[in-house]
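Worksheet: one structure, shown below.
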Amino acid sequence: FDMFVLAFVERFFRPTFRKDDFVLGKKLGEGAFGVVYKASLANPKAAAKQGDLVLKKATEYGAVEIWMNERVRRACASSCADFVYGFRESKSKGKGAGEYCLIWRFEGEDTLAGLIQSKDFPYNVETKILGEVQDLPKGLERENRIIQTVMRQLLFALDGLHSTGIVHRDIKPQNVIFSEGSRTFKIIDLGAATDLRVGINYVPKEFVLDPRYSAPEQYIMSTQTPSAPSAPVATALSPVLWQMNLPDRFDMYSVGLIFLQMAFPSLRTDSSLIQFNRQLKRCGYDLATWRRSVEPRAPPDLRRGFELLDLDGGIGWELLTSMVRYKARQRTSAKAALAHPYFKQEGLLGLSFMQ
Ligand code: ADP
Ligand code: MG
């Protein structure tokens, strides 16, 4: 009851906006279900107060994305980009116009995808997180500490979502933004997310997966759960279904592939990741088999990745193989991964005991 009153009061006092209140800036992205722009408030005083914003015009999945963002803001705000407001656009005449508008704070220019593509990765990330260039010799151990810090931040954000009952389903470097305000990575784009505890957007055959990062299972619920229960039934049943099916492990596979791309310079391009996926499939999705097949004639870039993951008795490799596994129930959870020995060693700023 208290939560209900709080939610009501919060909603009542939060500013409300409509489309004409915003001036659109440059286009940041365009997907199948919406267009994203940098934006600001048209009123100069209000704009100065609010700062830069991001506006997404979304079509059919906009309502779900608003719902997910509202829920994240209340339950695990630090996991995702700061959500400001979401609303349904007043009916526009032209067809194909976005039906929903979503507004976030502009977190910064850099996605993990952009940062990973740079020749300077992972040192560019170190500079962002620490706020200054470190004058230290470059080398595997330093790179490992940077990658470890990114992984910790990603798993922390994912654990927040999963503990709330949300599975993202589209975890990839393009959907990870560096927040200049908090100097941490946050997750964005809840357009494909599902909340299994409440049964929102549980449409297993409808969603579109990104084949580059998605786990081998086609649907995140097992085929023994043939159709979506109606929302009220799902509310009662879904904690059990969650336990049975471990849908959060879908995201764990994707975050494992991000770890892989950070460790192996030669797997950072789309085409090399696609080729890796093909190889892994041929190896029965067994990373150890894949390693045996490629390591003997591995070019230096690939060998360097193995070397990094082999540091400290191979705990990095151990963590990677606990995430990238064929069977969902054999994959580690975000919470368990955070307790993995890989994170016991010191990260950047000696943050090993913090998020
Ligand atoms: P989609 O993938 O559906 O086009 P996203 O929500 O992933 O939409 O946003 C597209 C791009 O816009 C992102 O890859 C990122 O570059 C940028 N972006 C999205 N949200 C933010 C934000 N809060 N702050 C800064 N940039 C953002
Ligand atoms: Mg996206």
Side-chain angles (χ1 to χ4, degrees), residues 17 22-41 47 50-73 76-87 96-118 124-125 128 150 153-154 157-158 160-161 166-194 201 206-214 250-251 254-255 257-258 261 268 270 273:
F17 299 106
F22 301 96
V23 187
L24 298 187
K26 85 169 181 205
K27 195 189 277 188
L28 298 172
E30 181 158 17
F33 307 111
V35 193
V36 181
Y37 302 91
K38 195 165 177 180
S40 58
L41 281 165
Q50 275 285 350
D52 287 339
L53 301 169
V54 169
L55 185 149
K56 185 186 247 184
K57 289 186 184 182
T59 53
E60 53 258 55
Y61 295 112
V64 173
E65 200 175 345
I66 291 173
W67 196 94
M68 293 292 164
N69 276 280
E70 298 271 2
R71 188 148 159 66
V72 164
R73 181 172 50 203
C76 53
S78 66
S79 289
C80 296
D82 258 3
F83 187 58
V84 176
Y85 189 62
F87 56 96
E99 271 192 273
Y100 295 90
C101 268
L102 293 90
I103 315 286
W104 294 267
R105 211 169 294 289
F106 181 79
E107 299 278 359
E109 297 284 344
D110 296 307
T111 66
L112 185 58
L115 292 165
I116 279 183
Q117 289 311 317
S118 162
N124 56 351
V125 168
K128 296 218 127 249
V150 178
Q153 292 181 354
L154 286 181
L158 259 190
L161 286 182
I166 295 173
V167 183
H168 188 281
R169 300 199 289 198
D170 199 14
I171 294 293
K172 56 184 175 185
Q174 292 78 359
N175 286 338
V176 173
I177 190 96
F178 186 77
S179 169
E180 300 286 348
S182 63
R183 293 232 185 94
T184 58
F185 286 98
K186 295 180 175 183
I187 293 167
I188 56 171
D189 200 353
L190 295 161
T194 176
N201 189 27
E206 231 183 58
F207 69 82
V208 194
L209 299 172
D210 189 317
R212 292 168 301 176
Y213 292 92
S214 61
F250 188 87
D251 290 342
S254 309
V255 81
L257 290 193
I258 296 180
Q261 285 194 297
R268 289 179 194 156
D270 271 351
L273 182 62

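We count ligands from 1, going down the list as the structure has it; atoms in each ligand are counted the same way. What's counted below: heavy atoms across the whole structure, side chains too, no hydrogens, waters or symmetry copies. Everything numeric here is computed off the predicted structure, so don't read it as measured data.
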Report, in ascending order of atom number, the atoms of ligand 1 lying under 4.0 Å from any heavy atom of Glu107.
22 (C), 23 (N), 24 (N), 25 (C)
Residue part near ligand 1, for Asn175, under 4.0 Å between non-hydrogen atoms:
side chain
Specify side chain, backbone, both or neither for Gln174, according to which of its non-hydrogen atoms lie closer than 4.0 Å to ligand 1.
backbone
Please classify the Phe106 to ligand 1 contact at 4.0 Å (heavy-atom distances, strictly less than): side chain, backbone, both or neither.
both
With Lys56, which residues qualify under side-chain hydrogen bond (donor to acceptor under 3.5 Å, both in side chains), at least two apart?
Glu65, Asp189
Applying side chain to side chain contact (heavy atoms under 4.5 Å, CB included), can you list everything that pairs with Ala81, at least two apart in sequence or on another chain?
Trp104, Glu107, Ile188
Distance filter under 4.0 Å to Trp104 heavy atoms, resulting ligand 1 atoms:
23 (N)
Measuring from non-hydrogen atoms of Arg105 to any atom of ligand 1, is the shortest distance under 4.0 Å?
yes
Going by the 4.0 angstrom heavy-atom rule, the piece of Val36 near ligand 1 is side chain
Ligand 1 atoms nearer than 4.0 angstrom to some heavy atom of Thr111 are 14 (O), 15 (C), 16 (O)
Within less than 2.8 Å of the Mg ion (ligand 2), any N, O or S from Gln174?
no
Tyr213 and Pro173, any side-chain heavy atoms less than 4.5 Å apart
yes
To the nearest 0.5 angstrom, please state how far the CD1 atom of Ile66 sits from the OH atom of Tyr100.
7.0 Å
Any idea which protein heavy atom is nearest atom 18 (N) of ligand 1, and the distance to it?
Ile188 CD1, 4.0 Å
As a test of reading the structure, name the N/O/S atom of Asp189 that is nearest the Mg ion (ligand 2).
OD2
Any N/O/S of Asp170 under 2.8 Å from the Mg ion (ligand 2)?
no
Considering Asp110, Leu53, Ile177 one by one, which has a heavy atom nearer to atom 26 (N) of ligand 1 than any of the others?
Ile177
Could you tell me whether Phe87 and Phe17 have their ring centroids closer than 6.0 angstrom?
no
Report yes or no: does Arg268 contribute a side-chain atom to a donor-acceptor pair with the main-chain N or O of Gln117 at less than 3.5 Å?
no
Is there side-chain contact between Asp82 and Ser179, with at least one heavy-atom pair below 4.5 Å?
no
